[in-house]
A.B. asks: 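My structure is below; once you've seen it, I'll send some questions.
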Amino acid sequence: MEPLVPPQIIPEPVHFTEQAAYEKGFADLFEEKIKPLVRELEMIRVQKTERIKTNRPRANMILLGAIVVGIALTYATKHLGPLIFLGLVAALIRQGMISIPATEFASQFKKKIVPEIIKFFGDFEYKNTAGISIDIIKQSDLFDNFNQSYFGDTVTGRYHGKSMEFAETTLSNKSGK
């Protein structure tokens, strides 16, 4: 069986060098857990990149075909609806064929690597969705009035006996303020 990663793109061995007291022990974790996961994910990244390269011409042909059919239907019916509809549907299909493999890779990276790194710092748990309670955010009085929120990556756990929770959070005001 052929290797999934051509030898010419495999980089020189990487080692983590501990330089500060808080890094003590991370080099071992890096060698034992993180490095093998990164190798596995690199193979997945190469596969996804190849899938994107393969999908791009196909996706472009779908878009072009939809536009040609849309133009023909528009000419035949004297309405722009078919062109707009087919163009939008084909554009969405094209975008999905190209972006879904990249999104799948990013998701795998977060699910496999981030939990290993945060465990090093204490009793923490990573979730790629969740977020902090809106009530806690409002009670903090740290942020001005907001009425929209988005939550992404969330880490919860204990550090030196204290409960902690932090998350990727976007807060905004729908009125544009």
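Every value quoted in this text rests on a predicted model; they were computed, and no experiment measured them.
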A.B. asks: Is the closest side-chain heavy-atom distance between Arg94 and Met97 below 4.5 Å?
C.D. replies: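 The answer is no, as the side chains (C-beta and beyond) never meet within the 4.5 Å cut-off.
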A.B. asks: Would you please classify the geometry between the Phe30 ring and the Phe16 ring as parallel, tilted or perpendicular, with 30° and 60° separating the classes?
C.D. replies: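 Geometry flag for Phe30 against Phe16: tilted rings.
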A.B. asks: Out of Arg51, Arg58, Arg56, Lys53, which residue meets the side chain to side chain contact (heavy atoms under 4.5 Å, CB included) rule with Ile98?
C.D. replies: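 So the option named by the test is Arg56.
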A.B. asks: Does the side chain of Phe146 reach to within under 4.5 Å of the side chain of Ile137, using non-hydrogen atoms?
C.D. replies: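 Yes, their side chains come closer than 4.5 Å.
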A.B. asks: Under a plain distance cut-off of 3.5 Å, with no hydrogens placed, do Gln148 and Ser172 share a side-chain donor-acceptor pair?
C.D. replies: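 There is such a pair (donor and acceptor under 3.5 Å, judged by atom type) between the side chains of Ser172 and Gln148.
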A.B. asks: Is it true that a side-chain atom of Glu31 and a backbone atom of Asp28 form a donor plus acceptor pair closer than 3.5 Å?
C.D. replies: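 Looks like no, no N/O pair under 3.5 Å.
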A.B. asks: Between Thr74 (side chain) and Ala72 (backbone), is there a donor-acceptor pair under 3.5 Å?
C.D. replies: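 No; zero donor-acceptor contacts below 3.5 Å.
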A.B. asks: Spell out, as yes or no, whether a donor-acceptor pair under 3.5 Å connects the side chain of Lys35 to the backbone of Glu32.
C.D. replies: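 No; zero donor-acceptor contacts below 3.5 Å.
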A.B. asks: Before accepting this row, confirm whether a basic side-chain N of the pair Lys127/Asp153 lies closer than 4.0 Å to the acidic partner's carboxylate O.
C.D. replies: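 Between Asp153 and Lys127 there is no salt bridge, as every charged N stays at least 4.0 Å from the carboxylate O atoms.
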A.B. asks: Determine, for Lys112 against Glu40, whether the closest basic-nitrogen to carboxylate-oxygen distance falls under 4.0 angstrom.
C.D. replies: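 A salt bridge is present here (some side-chain N lies under 4.0 Å from a carboxylate O).
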A.B. asks: Are Phe143 and Phe151 linked, directly or through other ILVMFWY residues, by side chains that come within less than 4.5 angstrom of each other?
C.D. replies: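 In one cluster with Phe143: Phe151, yes.
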A.B. asks: Could you tell me if the side chain of Glu168 sits less than 4.5 Å from the side chain of Tyr150, heavy atoms only?
C.D. replies: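 In contact.
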A.B. asks: Are Phe166 and Tyr159 linked, directly or through other ILVMFWY residues, by side chains that come within less than 4.5 angstrom of each other?
C.D. replies: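 Yes.
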A.B. asks: Report yes or no: does Glu18 contribute a side-chain atom to a donor-acceptor pair with the main-chain N or O of Gly25 at less than 3.5 Å?
C.D. replies: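 Yes, Glu18 side chain to Gly25 backbone: donor-acceptor pair under 3.5 Å.
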A.B. asks: Can a cation-pi geometry be assigned to Lys24 and Tyr22, taking NZ or CZ under 6.0 Å from the six-membered ring centre and within 45° of the ring axis?
C.D. replies: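 Not satisfied by the 6.0 Å and 45° rule.
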A.B. asks: Check whether any side-chain N or O of Thr154 sits under 3.5 Å from a backbone N or O of Gly152 as a donor-acceptor pair, and report yes or no.
C.D. replies: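 It does hold such a pair.
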A.B. asks: Is atom CZ of Phe26 surrounded by more than 12 heavy atoms (other residues, nucleotides or ligands) closer than 6.0 Å?
C.D. replies: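 Yes.
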A.B. asks: Is the shortest distance from a Lys or Arg side-chain nitrogen in Arg39 or Glu42 to a carboxylate oxygen in the other one below 4.0 Å?
C.D. replies: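 Between Glu42 and Arg39 there is no salt bridge, as every charged N stays at least 4.0 Å from the carboxylate O atoms.
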A.B. asks: Quick one: name the residues clustered hydrophobically with Ile84, using the 4.5 Å side-chain heavy-atom rule over I, L, V, M, F, W, Y, and just say none if it's on its own.
C.D. replies: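 So far as hydrophobic clustering goes, Ile84 is joined with Leu63, Ile67, Ile71, Leu80, Leu83, Leu88.
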A.B. asks: With heavy-atom distances below 4.5 Å as the criterion, would you say the side chains of Thr170 and Ser149 are in contact?
C.D. replies: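 Sidechains of Ser149 and Thr170: no contact.
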